[in-house]
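Computed over heavy atoms, backbone and side chain alike; hydrogens, waters and symmetry mates excluded. Lettering follows sequence order; numbering is per chain, from 1.
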Number of protein chains: 2
Amino acid sequence: MGVAHMGVMERVAPRRKKAVALAPAPAIEANRLLRGDCIAEMAKLPDGCIDMIFADPPYNLQLGGDLFRPEGGRVDAVDNDWDKFDTLSSYDRFTKAWLAQARRILKPNGTIWVIGSYHNIFRVGAALQDEGFWILNDIIWRKANPMPNFKGTRFTNAHETLIWASQGEDAKYTFNYKAMKTLNDELQMRSDWVLPICGGQERLKRNGTKAHPTQKPESLLYRVMLSCTKPGDIVLDPFFGTGTTGAVAKRLGRQWIGIEREPDYIEVAEERIAEALPLDESALAIMQTARQQPKVAFGTLVETGYLQPGSVVMDSKRRWSATVRADGSLAVGSDTGSIHKLGATLQGAPSCNGWTFWHIEKAGKLHPIDTLRQTYLLANEP
Amino acid sequence: MGVAHMGVMERVAPRRKKAVALAPAPAIEANRLLRGDCIAEMAKLPDGCIDMIFADPPYNLQLGGDLFRPEGGRVDAVDNDWDKFDTLSSYDRFTKAWLAQARRILKPNGTIWVIGSYHNIFRVGAALQDEGFWILNDIIWRKANPMPNFKGTRFTNAHETLIWASQGEDAKYTFNYKAMKTLNDELQMRSDWVLPICGGQERLKRNGTKAHPTQKPESLLYRVMLSCTKPGDIVLDPFFGTGTTGAVAKRLGRQWIGIEREPDYIEVAEERIAEALPLDESALAIMQTARQQPKVAFGTLVETGYLQPGSVVMDSKRRWSATVRADGSLAVGSDTGSIHKLGATLQGAPSCNGWTFWHIEKAGKLHPIDTLRQTYLLANEP
DNA sequence: GGGACCTCTGAATCCACCG
DNA sequence: TCGGTGGATTCAGAGGTCC
């Protein structure tokens with residue numbers, strides 16, 4: 001918020017975009033899967049031959065022992081060897097090494113995407129900047145259906161972060177602005193994307209169990225690829241896994257190169273991509289328009305000052321009055337709870353819609369608290 | 001997604017939480033504003049005296065030249081001198097220096113929050129980990145009404161990132177789980193928070209223009225503080241600016257210390273905090289988790305006659321019936337044990353909550369024995 | 001066939017206290 | 001410090017079964 005820190009650095013001079021001098025890109029063979037270590041395989045590719053890189057590196061989750069759900073089931077966690085690093089600095093060395101190769105083979109006007117969680121994304125982002133990449137956006141994948149926090153110890157980890165970066169500040173990267181706006185009901189596409197996790201029919205199985213522990217949804221790759229590539233562009237994925245990037249590239253008319261080391265994943269990926277068909281337009285529309293209706297929690301009205309903690313609310317017949325508390329709970333005597341729960345308790349009912357049950361008094365008249373929610377939505381809708 | 005990378009490290013052994021040995025926290029004078037450089041001022045504070053730190057460090061925005069709106073009006077962007085750093089590494093040195101002080105003055109079980117954008121948050125996050133902080137969550141503040149991207153060259157930058165971290169993996173930090181759940185309409189609070197930006201009446205002005213370029217909304221600080229502090233805790237903000245942290249702390253009955261160097265901001269902050277009204281104690285109460293409530297042993301219910309020795313309890317599907325014994329243990333055939341142990345044994349589960357597993361029959365209906373405990377608690381409240 | 005109900009699962013750094 | 005034990009803890013979506 002403030003300026004209470006040490007020495008001010010000298011002012012940076014205003015910059016102008018310069019065109020990057022473009023050598024003709026070398027022709028390479030695309031639409032194929034390279035078997036092996038991603039750093040070694042990238043090293044075999046010529047300079048500046050790739051239009052876009054999508055990378056989903058190991059997250060280095062550092063999980064402890066088993067975790068059990070409240071009903072007793074065990075969480076099937078990521079415990080693969082490929083996600084284990086002994087120290088942060090060994091993870092950093094790995095990151096720096098693959099990013100250096102990625103930068104070399106990416107065209108001057110190409111862009112790179114990397115996805116991660118709080119375990120690794122800060123290290124990856126810093127390494128990207130250190131390598132000279134220029135961050136264009138960080139994108140939040142807000143999961144519609146994340147796994148809950150079973151023990152009630154933290155906030156539900158409900159998102160992952162993607163970083164989108166160009167080779168440098170002056171690069172003339174591709175951004176299909178209009179396509180993104182169209183996909184978003186004629187509003188600018190924002191930096192937060194709500195998409196479901198990969199499950200159901202889309203989740204690839206082998207012998208009845210998931211083929212890969214961290215398969216990404218095609219809808220995510222679809223939006224990434226549509227935003228920053230043109231038909232025919234070459235997309236490289238150095239951590240190919242079960243080939244989501246390749247499948248989406250094929251369906252969108254992009255070329256692809258995947259690098260993968262694990263034979264099991266390779267087998268699944270090859271079958272999958274062979275079966276992928278170009279999408280028709282109706283299918284495209286379905287993948288994209290997951291417009292969310294705005295939900296407002298009662299607590300938000302308290303946080304944002306639409307209703308002060310300490311205010312009094314009552315039912316329409318003034319049989320009960322309750323005090324609003326700081327966390328959005330209500331209190332009547334020693335009874336406390338959310339607007340819905342307390343309303344139900346007082347009436348002896350199994351459930352209660354607190355929005356219509358509780359009222360505030362204004363100029364002697366009672367108004368359901370739902371009117372406050374409407375006011376909030378009017379002022380804060382995008 | 002895949003495994004195409006270098007050497008696999010050896011498996012890390014499961015960890016257990018260890019209690020942190022607590023020296024008594026030194027008493028310090030709170031509810032005051034320290035004028036000066038944040039690193040120098042933090043250096044004057046004793047070790048382990050702060051419960052929570054909220055930091056909004058300068059963003060290193062690297063804005064090149066002026067940014068213009070399509071219709072010609074100049075955008076009032078962040079272009080103050082203090083926001084310019086000549087290189088990434090000088091920003092890193094600055095970050096490391098203030099984080100080291102922050103870590104020293106924070107109590108062993110205290111937590112720190114840092115907010116930033118993609119320009120600086122990756123460097124800050126990596127520095128936090130390097131200093132030994134343990135990241136608990138990254139939180140996305142999804143702005144309900146962000147500034148659009150006027151040029152249509154990128155995704156609308158519609159969020160900022162906060163990192164919440166403890167002093168280490170084993171720290172016993174405060175997390176008001178139930179209060180957060182209540183605030184979010186009885187669903188676990190997620191890592192993505194939708195809150196409006198600071199504007200309208202809340203936005204502080206001086207001479208008709210913004211008093212501070214990056215004033216944060218009080219609703220954001222409200223949720224932060226409610227989630228991880230207790231009334232009376234000391235909250236420090238090393239980049240105090242116009243004092244949002246102080247105003248919310250005062251309102252929520254927390255103590256505060258602000259550090260700020262810029263006289264203009266200090267003046268605005270002091271006025272603002274003087275005017276802030278503290279909530280009264282009843283409004284400050286929040287929903288407590290079961291863990292925080294007084295415990296009742298099952299044996300107590302037997303001793304006090306809420307349940308007779310010899311009564312029969314069963315699970316919800318009547319698969320097992322057990323007899324209550326005089327010492328509060330249960331018996332099924334030759335199997336005996338506590339309500340929890342026996343429930344786990346019978347199901348072959350690693351653990352079991354006997355309070356919700358076992359039921360008593362009343363008028364043909366089954367009720368979990370937890371309802372007996374609730375009855376007992378109501379009758380025997382202090 | 002449809003609705004009610006049950007089961008399973010997803011990149012997870014997931015307990016606290018006492019002896 | 002370690003080990004044992006009491007007992008607290010979950011959301012959305014997909015898919016199956018049963019009536």
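Judged by distance alone, with hydrogens and angles left aside, A/Lys216 brings a side-chain donor or acceptor within reach of the base of C/dA11, the pair sitting under 3.5 Å. Taking 3.5 Å as the limit, the base of C/dT13 and the side chain of A/Arg154 contain a donor-acceptor pair of atoms between them. If you check distances only, the side chain of A/Arg69 does reach the base of C/dG10 with a donor-acceptor pair under 3.5 Å.
Residue-level contact check: B/Tyr177 touches the backbone only, with heavy atoms under 4.0 Å from sugar-phosphate atoms and none from bases. Nucleic acid contact class of A/Ala77 (heavy atoms, under 4.0 Å, all strands): base. Within 4.0 Å of A/Asn149, counting heavy atoms only, lies at least one base atom of the nucleic acid. When heavy atoms are screened at a 4.0 angstrom cut-off, B/Ser338 is found touching the sugar-phosphate backbone but no base atom. Here B/Lys178 lies out of heavy-atom contact (under 4.0 Å) with every strand. Across all strands, B/Ile339 comes closer than 4.0 Å to no nucleic acid atom at all (heavy-atom distances).
Applying the Watson-Crick and G-U wobble criteria (two distances, each under 3.5 Å), D/dG7 pairs with nothing in any strand. With a cut-off of 3.5 Å on both pairing distances, the Watson-Crick or G-U wobble partner of D/dC2 is C/dG19. As the counterpart of C/dA12, no nucleotide is assigned, since no Watson-Crick or G-U wobble pattern has both distances under 3.5 Å. Pairing for D/dC19 goes to C/dG2, judged as Watson-Crick or G-U wobble with the two contacts each under 3.5 Å.
Rounding to whole angstrom units, CZ of residue B/Arg190 and P of D/dA12 are separated by 9 Å. Atom CZ in A/Arg74 sits about 11 Å away from atom P in C/dG10, given to the nearest Å. What separates CG of B/Asn109 from P of C/dC17 is a distance of 11 Å, to the nearest Å. Computed from coordinates, the A/Glu71 CD to D/dC11 C1' distance equals 12 Å when rounded to whole Å. Protein atom CG of A/Asp66 is 12 Å distant from nucleotide atom P of C/dC15, rounded to whole Å. B/Glu169 has its CD atom 17 Å from the P atom of C/dA12, to the nearest Å. C/dA12 atom P lies 14 Å from atom CG of B/Asp138, rounded to whole Å. Computed from coordinates, the B/Lys172 NZ to C/dC18 P distance equals 11 Å when rounded to whole Å.
C/dT13 takes the syn form, because its glycosidic angle lies no more than 90° either side of 0.
Picking from D/dA8, C/dA11, D/dC11 the nucleotide with the shortest atom distance to the side chain of A/Lys151 gives D/dA8. For B/Ala290, whose side chain is taken as the heavy atoms from C-beta onward, the closest listed nucleotide among C/dG10, D/dA8, D/dG6 is D/dA8. Closest to the side chain of B/Gln188, from the set D/dA8, D/dC11, C/dA11, is D/dC11. Among the nucleotides C/dC15, D/dT10, C/dT13, the one closest to any side-chain atom of B/Arg291 is C/dC15. Considering only side-chain atoms of A/Tyr118, the nucleotide from C/dG10, D/dT5, C/dT13 that sits closest is C/dT13. Distances were taken from every side-chain heavy atom of A/Val75 (C-beta onward) to each of C/dA12, C/dT7, D/dC11; the shortest belongs to C/dA12. Here the nucleotide nearest the side chain of B/Ile135, chosen from C/dT13, C/dG10, D/dG6, is C/dT13. Of the candidate nucleotides D/dA8, C/dA11, C/dA12, C/dA11 has the atom lying nearest to any side-chain atom of A/Leu61. Closest contact between the side chain of A/Gln201 and the listed nucleotides C/dA12, D/dG15, D/dA8 involves D/dG15.
With the nearest nucleotide of DNA chain C identified for both A/Gly199 and A/Thr153, A/Gly199 has the one nearer the 5' end. Projected onto DNA chain C by closest heavy-atom contact, A/Asn145 and B/Gln129 fall at different nucleotides, the more 5' of which corresponds to A/Asn145.
In this model, a donor atom of one side chain and an acceptor atom of the other lie less than 3.5 Å apart for A/Asn120 and A/Tyr91. Side-chain contact, B/Tyr177 with B/Gln188: a donor N or O sits under 3.5 Å from an acceptor N or O. With 3.5 Å as the limit, one finds no donor-acceptor pair spanning the side chains of B/His159 and B/Asp192.
Taking the centre and axis of the six-membered ring of B/Trp193, the NZ or CZ atom of B/Arg223 falls inside the cone set by 45° and 6.0 Å.
To the nearest whole angstrom, the two C1' atoms, one in C/dG10 and one in D/dG7, are 26 Å apart. Taking atom P in both D/dA12 and C/dC14, one finds a spacing of 23 Å when rounded to whole Å. Spacing between D/dC19 and C/dG1 at atom C1', rounded to whole Å, works out to 12 Å. Rounded to a whole angstrom, the distance from the P atom of C/dA11 to that of D/dA8 is 30 Å.
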Next on the checklist: Could you walk me through whether B/Gln374 and B/Thr371 satisfy the side-chain hydrogen bond (donor to acceptor under 3.5 Å, both in side chains) test, starting with their C-alpha distance in whole Å, then the side-chain angles of each, then the deciding distance to 0.1 Å, before giving a yes or no?
Outcome noted: CA-CA 5 Å; B/Gln374 300 307 326; B/Thr371 58; over 6 Å; no
Checklist entry - Yes or no on salt bridge (Lys or Arg N to Asp or Glu O under 4.0 Å) for B/Asp130 and A/Arg123, after CA distance, side-chain angles and deciding distance? => result CA-CA 10 Å; B/Asp130 290 340; A/Arg123 315 204 75 80; 2.6 Å; yes
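Remark: of the listed residues B/Gln293, B/Gln292, B/Arg291, B/Gln292 is the sole one forming a side-chain hydrogen bond (donor to acceptor under 3.5 Å, both in side chains) with B/Thr289.
The phosphate of D/dG6 (OP1 or OP2) has no side-chain N or O of B/Lys341 nearer than 4.0 angstrom. An OP1 or OP2 oxygen of D/dA8 is reached within less than 4.0 angstrom by a side-chain nitrogen or oxygen of B/Arg373.
Stacking annotation: B/Trp134 is stacked on the base of C/dT13 (ring centroids less than 5.5 angstrom apart, interplanar angle below 30 degrees).
Separation of the A/Phe68 and A/Phe150 ring centroids does not fall under the 6.0 Å cut-off.
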